[in-house]
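Reading through the structure tokens given below for one structure.
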Amino acid sequence: MKTIVVGIGNPNFRDDGVGLKIVEHFEGLVDTVMLMNPDFKVLDKILGYDRAIIVDGVKSGQQPGTIVELDPLNTFKNIYASGTHNITLFEVIRVGYTLFPDEMPKEIKIIGVEVEDVETLSGECSPKVREAIPKVVEKIKSYLRIK
Amino acid sequence: MKKIEINPMTRLEGHGKITIFLDENGNVDNAFLQTVEFMGYEKFLVGMPIEEVPRTVSTICGVCRGVHFTASMKAMDGVFGVEPTPTAKKLRELFFNAHMVEDHTAILYALGFPDFVCGPTAPPAERNLVGLILKVGADVGKLVLKKRAGAVKIFEMLGGRPIHPVAAIPGGWAKAITEEQRKEILTIADDLIELGKLTLDVFDKVVLQNKEYVDLVMSDAYKVVVNYLGGVDENGKITYYDPKDQVFVDTKGNEIARFRGKEYLDHIAERTLPWSYLKVPYVKKFGWKGLVDGDGTSLYSVGPLARFNVAAGFSTPLAQEAYEKMLNTFGSKPVHNILAYHWTRAIELINAAENIKVLASDESITDTNVRQEITKVVGEGVGIVEVPRGTLIHHYKTDDKAIVQEANLIVATTHNKGAINVAIRKAAQHFIKGGKVDDGIINLVEMAYRPYDLCFACATHTLPGRIPIELNIYSHEGELIKSLRNYEIV
């Protein structure tokens, strides 16, 4: 099954880089890509794959380091950003399935790590988020059946 | 006095807050946009070798990743007192024009067109990207996204990494391109020109052939009379990567100033307003006249419409043709109708695509002389670039080892701050009457800032996504009467 792991985040804003740090563990094992934000570039990268794992930071009010899994189609089913400058990951995925149903991955899994600090300019994640990284890596490896 | 606010959902996401005050009759008394300063990058850069700055500032924003990279790269040239080799300059221009195509396409289709295609007062559930695709047809949507991907491919091919570019070196570019790559870019350029034609056609069919929308574009509700700033080439035409001069014109279109590099300090002053996190720049020679538009104002705008107003047209044929059509429609310049920003954005899209074709047609672009010898540290550099959202200025001072000591970044949204405030106030005053406010009216107000494509240093993001602005409405006694956001979760 042709698989890609996509990390989204900013490497310079502490916990915002968590998705990127997780993806580093999959380089050489499966196809990987790092993006700074969830716009049309996500489609550019996942079209043609059977399976895509998208890893990102999440701010949902839970304990920092909490790992959450989001169904790309049924979570935030009706979120619309009509404002400025950017669109959401969920809109992008909906557009993908609307326009390119045959090229979109049959499976998309979105894994989020609850962030604590995404405002401090730093390349290091905060301790609780850092502790979550190996757990997410194991979770994805198990899902992909990678040892 | 009633108070209407558009608040940030979180401090992370865009940091925009619009406050609208209503009087006792429920009409708009005043309106303000408040934003948060850049997220500490200017301080973060202090102590950093200037060579590391371009790839660092490219993370300021995932959308604008190429623009901060390019402005700082040009400033870095200044710090070392070098000019890029001719080939390096062509590669930088190629890279930058690809970025223009990518950015303008995303802004138009995701944020600009839905208001017109789906209807300005349509609910958010319909007035969005998917709604737009359903209206214009999946085939058009597919074509747009596939062709746009070509611009991203050029960006990544030249820039080196998908996440953000890394190819900047002082006086050069990290690697040359092969003849095979040049030919591939040339093929992509044709696709991008087709994308430009298609986009102008969509604008024509959806907006220009619809009297209701033409009336909206021409309406005083969306008219902001200010001065304009934009970069021009040696023929006075619109250019992006390396303008020869920055030109200011007044509200009548008369040239009032022309500057290069560090001279920006002689022409732009900033006013700190007590209620705002952000300074409001103004034309220095006019002095601060307040947040007011009209003849004599000291506020100014940047961006596609400003460039249209400042420059003598475009250097490529299809863009020039579209420029003349727009000029004929309005009859004269400057055009102060801010919804026309979207039109000029579409014209610049095809211009950038044509520029790519011209650059890639030049076989000498594969020359391998892409690096300049570095022999000295001058210690100061200014990079000015005309980016999708307008004039971007990066200014650095370094020590004799080229370590950054001071950094000053003026971004397009900052330049536009005063004009955006006026735009929001005018639209709010026009549409909010007698205290009646609903989602449709709020969107009509939001349409006043959308043409400027605000970027509030959206450097970080977390799921569920960027949520830049929330709107709250207060009664004249300070009571919150309505809270609205520019997105919807159902």
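Below, chains carry the letters A, B, ... as their sequence lines are ordered, and counting in each starts from 1.
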Please determine whether side chain to side chain contact (heavy atoms under 4.5 Å, CB included) holds for the pair Lys146(B) and Leu47(A), giving the CA-CA distance in whole Å, both sets of side-chain angles, and the decisive distance to 0.1 Å.
CA-CA 11 Å; Lys146(B) 284 283 186 186; Leu47(A) 287 179; 4.2 Å; yes
Rounded distance [0.5 Å steps], [atom1] in [X] versus [atom2] in [Y]:
| X | Y | atom1 | atom2 | value |
| --- | --- | --- | --- | --- |
| Asn12(A) | Phe44(B) | CG | CZ | 4.5 Å |
| Ile133(B) | Thr98(A) | CD1 | OG1 | 6.0 Å |
| Met36(A) | Arg65(B) | CE | CZ | 8.5 Å |

Can Glu156(B) and Lys45(A) be said to form a salt bridge (Lys or Arg N to Asp or Glu O under 4.0 Å), step by step?
CA-CA 12 Å; Glu156(B) 292 180 5; Lys45(A) 300 303 172 193; 2.7 Å; yes
Could you tell me which portion of Glu103(A) (side chain, backbone, both or neither) has an atom closer than 4.5 angstrom to a non-hydrogen atom of chain B?
side chain
So, is the end of the Lys41(A) side chain (NZ or CZ) under 6.0 Å from the ring centre of Phe155(B) and within 45° of the ring's axis?
no
For Lys135(B), is the NZ atom crowded, meaning more than 12 foreign heavy atoms sit under 6.0 Å from it?
no
Using a cut-off of under 4.5 Å on heavy-atom pairs, state which of Val68(A), Thr120(A), Leu99(A) scores highest against chain B.
Leu99(A)
Pair Asp44(A) + Arg148(B): basic N to acidic O under 4.0 Å
yes
For side chain to side chain contact (heavy atoms under 4.5 Å, CB included), just list the numbers for Leu145(B) and Val95(A), CA-CA rounded to whole Å, side-chain angles, deciding distance to a tenth of an Å, and then say yes or no.
CA-CA 10 Å; Leu145(B) 287 186; Val95(A) 167; 3.7 Å; yes
What part of Thr105(B) gets within 4.5 angstrom of chain A, counting heavy atoms only: side chain, backbone, both, or neither?
neither
Taking the six-membered ring for Trp and the single ring otherwise, decide whether the centroids of Phe40(A) and Tyr109(B) are under 6.0 Å apart.
no
